[in-house]
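Some notes on the structure that comes next.
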Amino acid sequence: MPDKIALLDLTYAQLRGLLTLWGEPSFRADQVWGWLYRSLVSDFNQMRNVPKELRARLGEAAHLQTLTPLADNVSAEGLTLKVLFALRDGETIESVFMRYERRRTVCVSTQVGCPIGCPFCATGQSGFARNLTAGEIVEQVLYFAREVRDQENGQQGPDSLITNLVFMGMGEALLNYEATWQAIETLNDARGFGLGARRMTLSTVGVVPGIQRLSQEKLQVGLAVSLHAPTDRLRDKLVPLNRRYPLCQLMAACRDYVQNTGRRITFEYALIEGINDSLEQARRLGRLLQDALLKVGCPCHVNLIPLNPIVGSPYQPSSRKMALAFQRELERQGISTTMRVGRGIDIQAGCGQLRGKM
Ligand code: SAH
Ligand code: SF4
């Protein structure tokens, strides 16, 4: 018997197509979509204004749940929650929820593992199994939205339960473009979840064709590019994909992206002791960004992240002194920077620490 349809894998148009095929009136798609993404139901029987027969038919043909939470972990300060999920085929992924004063951010995975294999990243070291489907990406967000609603007995709309979404969990989103983009459109859809595109940020390690495609999209999600090195020689080692898309190609794609979208790019730079954190490297990074972007009027921002150490890796974070000197040099060259404060490091929920096991 073929497996049931994963309802969250359907676009709005596909859901409407299915319901039309079943002879349902056209307003039904809006109703079901609203139950899924606005009311966040996890059971067909909660769809109160949907006729009983249709609920039964949906239950026979489709399922609503593809993720099963296996374990969770709350950081010491209580503001970061990491959840390990099992997928239907037994693979596992992790997602992270972070509370800030005015934001509630979900960090989603887009792949099981990651094929790029950056040596300082736990995901990269755990190998690659497969891409996630759009439904599997969306459901990570719905899971945390339901948690917040249930904890707070909230009546708010979903976009105030979860205010921000970052594609910075396991995997490289631009190597799973179709599913990632479908998830973005589903969550953005005003008939349902309604999360503004500007509140979503996608992080890439530099998949040039993906950046080019992104710069043509109508929905303007934010873009972060993980740079980590100012020269090809070093970047070839830290980010193996650099051998395919070297810095000149990457920076050209970034420039086109800013020119097409009018949006500034954030560059992520993990500071690794003795590897990429010298003053000379800061100078070179500044020059690279000046020449490729600032001089042609393209704004950018650098987010410095002292490395989160991972088990079994020799790489260590830069000292505070080196990190601050690095930052000062970039600022001296007129580049805006922030130093990221690590979140959830004690529960291995920080950047690059997710490996799909707890
Ligand atoms: N594959 C994408 C998104 C997932 S990683 C990417 O690489 O951009 C999210 C961010 O965490 C990236 O900027 C990545 O470079 C960074 N990162 C990976 N390992 C890290 C570590 N050990 N310490 C700090 N940041 C890390
Ligand atoms: Fe993959 Fe990003 Fe980790 Fe590199 S840093 S291995 S691209 S998840």
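Count residues from 1 along the sequence. Just follow the structure's listing: the first ligand is 1, and inside any ligand the first atom is 1.
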Practice problem: State, to 0.1 Å, how close E77 and T80 come at their nearest heavy-atom pair, and which atoms those are. | Solution: OE2-OG1, 3.4 Å
Exercise. Around atom 5 (S) of ligand 1, find the nearest protein heavy atom and jot down its residue, atom name and distance.
Key: M168 O, 4.0 Å
Quiz item: For atom 4 (C) of ligand 1, what's the nearest protein heavy atom and its distance?
Solution: G169 O, 3.3 Å
Practice problem: Note the single closest protein heavy atom to atom 10 (C) of ligand 1, along with its residue, its atom name and the distance in Å. | Solution: C351 CB, 4.2 Å
Practice problem: Quick one: pull up CG in L161 and CZ in R146 and give me the separation to the nearest 0.5 Å. | Solution: 11.5 Å
Quiz item: Name the one of T338, T266, T337 that satisfies side-chain hydrogen bond (donor to acceptor under 3.5 Å, both in side chains) with N303?
Solution: T338
Quiz item: Is a side-chain N or O of S109 found less than 3.5 angstrom from the main chain of S95, in a donor-acceptor match?
Solution: no
Quiz item: Rounded to the nearest 0.5 Å, what separation is found between the CD1 atom of I305 and the NE2 atom of H228?
Solution: 6.5 Å
Quiz item: Given side chains that start at C-beta, do those of Q182 and T186 come closer than 4.5 Å, heavy atoms only?
Solution: yes
Quiz prompt | Ligand-side contact atoms (ligand 1) for residue partner S226, heavy atom cut-off under 4.0 Å | solution = 6 (C), 7 (O), 8 (O), 12 (C), 13 (O), 14 (C), 15 (O)
Quiz item: Which of the atoms of ligand 1 are close to N308, meaning less than 4.0 Å from one of its heavy atoms?
Solution: 21 (C), 22 (N), 23 (N), 24 (C)
Quiz item: Which bit of H228 gets closer than 4.0 Å to ligand 1, counting heavy atoms only: side chain, backbone, both or neither?
Solution: side chain
Quiz item: Hey, which protein N/O/S atoms does atom 3 (Fe) of ligand 2 have under 2.8 Å?
Solution: C121 SG
Practice problem: Go through the steps for V83 and E147 under the test side-chain contact (heavy atoms from CB on, under 4.5 Å), then give the verdict. | Solution: CA-CA 12 Å; V83 177; E147 289 281 295; over 6 Å; no
Quiz item: Do other residues, nucleotides or ligands put more than 12 heavy atoms under 6.0 Å from the CZ atom of R284?
Solution: no
Quiz item: Hey, which atoms in ligand 1 end up nearer than 4.0 Å to a heavy atom of S203?
Solution: 2 (C), 3 (C), 6 (C), 8 (O)
Practice problem: Examine the proximity of ligand 1 to E268 and report which part, side chain or backbone, both or neither, has a heavy atom under 4.0 Å away. | Solution: side chain
Practice problem: Give the intermediate values and the outcome of side-chain contact (heavy atoms from CB on, under 4.5 Å) for residues R340 and E268. | Solution: CA-CA 10 Å; R340 186 185 285 175; E268 315 258 28; 2.9 Å; yes
Practice problem: Pick one of side chain, backbone, both or neither for how I116 approaches ligand 1, counting any non-hydrogen atom pair under 4.0 Å. | Solution: neither
Quiz item: Do C114 and ligand 1 have an N or O pair less than 3.5 Å apart?
Solution: no
Exercise. Under 4.0 Å from a heavy atom of G171: give me the atoms of ligand 1 that qualify, with their elements.
Key: 1 (N), 2 (C), 3 (C), 4 (C)
Exercise. Identify, by atom number and element, the atoms of ligand 1 in contact range of E172, meaning under 4.0 Å from any of its heavy atoms.
Key: 1 (N), 2 (C)
Practice problem: Would you confirm whether D277, through its side chain, and L271, through its main-chain N or O, come within 3.5 Å as a donor-acceptor pair? | Solution: no
Quiz prompt | Shortest protein heavy-atom distance from atom 18 (C) of ligand 1, along with the residue and atom involved | solution = G352 CA, 3.4 Å
Quiz item: Can you find an N or O of F120 that's nearer than 3.5 Å to an N or O of ligand 1?
Solution: yes
Self-check item: Straight-line distance of F120 CZ to I272 CD1, nearest 0.5 Å
Solution: 5.5 Å
Exercise. Considering only protein heavy atoms, determine whether one is less than 4.0 Å from atom 2 (Fe) of ligand 2.
Key: no
Quiz prompt | Verdict with reasoning, V112 to T92, per side-chain contact (heavy atoms from CB on, under 4.5 Å) | solution = CA-CA 7 Å; V112 180; T92 51; 6.0 Å; no
Quiz item: So among T105, V148, D72, which one has a side chain to side chain contact (heavy atoms under 4.5 Å, CB included) with F97?
Solution: V148
